[in-house]
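Here's the structure, in structure tokens; my notes come after.
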Amino acid sequence: MSQTAPHASLFESGSIAGQRLANRLVLAPMTRTSAEPDGRATSRMRDYYRDFARGGFGIVITEGTYTDECFSQGYLNQPGLANAAQRQAWQPVVEAVKSEGAMIVAQLMHGGGQTQGNRFVNETVAPSAVAPKGEMLGFYGGEGPYPTPRAMAEREIIEAIDGFAAAARRAQQAGFDGVEIHAANGYLLDQFISSDFNRREDGWGGSLEKRLTFPVAVIRAVREAVGPDFMVGIRLSQIKVTDPEYRWAGREEAECILRTLGDEALDYLHFSEIDATTPALEGVDGSLAALAKEDLDLPVIANGSLGDPAKAEGLIANRQTDFVAIGKSALANRDWPKRVRHGHALSEIDFAMLLPLANLANEDQWREKNGVYALHQGG
Ligand SMILES: Cc1cc2nc3c(=O)[nH]c(=O)nc-3n(C[C@H](O)[C@H](O)[C@H](O)COP(=O)(O)O)c2cc1C
């Protein structure tokens, strides 16, 4: 690519886990609650994910996908990787994305106390019996306050770890290029890390080191299940879906979390922040991604308000991240990379596409009604 091409550093090749990536652009994981009621991915999902690959994203990360047939499902119509039928249903999605030259990574998620729709059980579990703040998410079909979860028994903690390992293995069998362990946004792994949600007095709670025992155990179990060569990343955040103001205790806590997890056999760290160009917390100059770049020797993905390509490029040019993940701006522009590369204008997201439910049927109707194509037409 010539030096004069717009935002050239976004289009330099990169590598994760020894695999070469076409560019630095990642589709952020986004829950669309569009699977069959039994958690099988659909042909509509296949076409949706294929569009992002066709649109030029180097890596497509799927929406949070549940891991077991017990407490992990967070939303009705969420896809799973909890059984053979769900694994098979992902295969056409995986093939479609790969056929466009992108990599596809399954985000593995356990809803924990933020669960608001689970067809297997009628209660929610979490490290401790602490209800998340606020109300369940209407655009994922929830209503009213979150129930207070039941504190997990030791046996249930082990089952949840085994669920992640088995789901990762299914992802590998389905042809995914990797898995991302969802430890962000207030779901189960994040709840174990956060002192507000983890008040346990056994080996899984107490000091920060002990609160990290569960995510570390999940990483180790997943790694053991998939072997050394399969890509395993982790997503972290301070913010919770239910509490965007939540921050870690300070730089020391942030560094301890990053170093402890960074010492494990991971291939990348992915950070979800409100704005990845602003300081993450007091005493830190840059984002969590920038802090990880400073402290660790692992590929880093930054996310949060990077829909403006100049902003995204600045982070890469200043070595504050290796990759950028685009969320809402990608919903408005499934071909965000191609548009930017060819100097075409980007569309702003119209939140009406996610209302009343953030599912794909609703988005398709919105496109039809407003005459908005998913991919840029012409040129
Ligand atoms: C509709 C929607 C669904 C989301 N679902 C997930 C999810 O399943 N897993 C996850 O880690 N983050 C999820 N997120 C958060 C995004 O990945 C991303 O972190 C957030 O939108 C901020 O990035 P942005 O400013 O580029 O949109 C979701 C966001 C949106 C808008």
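Both ligands and their constituent atoms are indexed starting at 1 by order of listing.
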Legend entry - Pair R150 + E123, salt bridge at N-O below 4.0 Å: yes
Inset, instruction - Scan side-chain atoms only and decide if T277 and D275 contain a donor-acceptor pair under the 3.5 Å cut-off. - result: yes
Inset, instruction - Output the list of atoms in ligand 1 that are nearer than 4.0 Å to some heavy atom of A28, sorted by atom number. - result: 17 (O)
Inset, instruction - Between T31, L27, V26, flag the one that comes closest to atom 5 (N) of ligand 1 by a heavy atom. - result: T31
Inset, instruction - State whether the shortest distance between N or O atoms of L306 and N or O atoms of ligand 1 falls below 3.5 angstrom. - result: no
Legend entry - Part of Y140 within contact of ligand 1 (heavy atoms, under 4.0 Å): side chain
Legend entry - Proximity winner for atom 15 (C) of ligand 1, if only heavy atoms of R235, K328, E63 are counted: R235
Legend entry - P29, S272, S305: member with heavy atom nearest to atom 16 (C) of ligand 1: P29
Legend entry - For N333, the option from L346, L375, V340 that meets side chain to side chain contact (heavy atoms under 4.5 Å, CB included): L346
Legend entry - Which residue and heavy atom of the protein sit nearest atom 30 (C) of ligand 1, plus the separation: M30 CG, 3.8 Å
Inset, instruction - Would you mind telling me if ligand 1 is within reach of the side chain of N185, the backbone, both or neither, using heavy atoms under 4.0 Å? - result: side chain
Legend entry - Heavy atom of A184, distance to ligand 1 below 4.0 Å: no
Inset, instruction - Evaluate the ring planes of F52 and Y48, with Trp represented by its six-membered ring, and classify them as parallel (under 30°), tilted (30 to 60°) or perpendicular (over 60°). - result: perpendicular
Legend entry - Closest contact, heavy atoms only, A106 versus T62: CA-OG1, 3.4 Å
Legend entry - Cationic tip of R24 above F323 ring, under 6.0 Å, 45° of axis: yes
Legend entry - Pair D38 + R119: basic N to acidic O under 4.0 Å: no
Legend entry - Flag side-chain contact, heavy atom, 4.5 Å: N118 against Y66: no
Legend entry - Backbone or side-chain N or O of H182 under 3.5 Å from ligand 1 N or O: yes
Inset, instruction - Check for a donor-acceptor pair, side chain of S15 on one end and backbone N or O of R20 on the other, with a separation under 3.5 Å. - result: no
Inset, instruction - Looking only at distances, please establish whether an N/O atom of ligand 1 is found under 3.5 Å from an N/O atom of G64. - result: yes
Legend entry - For atom 26 (O) of ligand 1, closest protein heavy-atom neighbour: G327 N, 2.8 Å
Inset, instruction - Considering the heavy atoms of Q107, write down every atom of ligand 1 situated less than 4.0 Å from one of them. - result: 7 (C), 8 (O), 9 (N), 10 (C), 11 (O)
Legend entry - Heavy-atom nearest option to atom 22 (C) of ligand 1, drawn from N303, I61, I349: N303
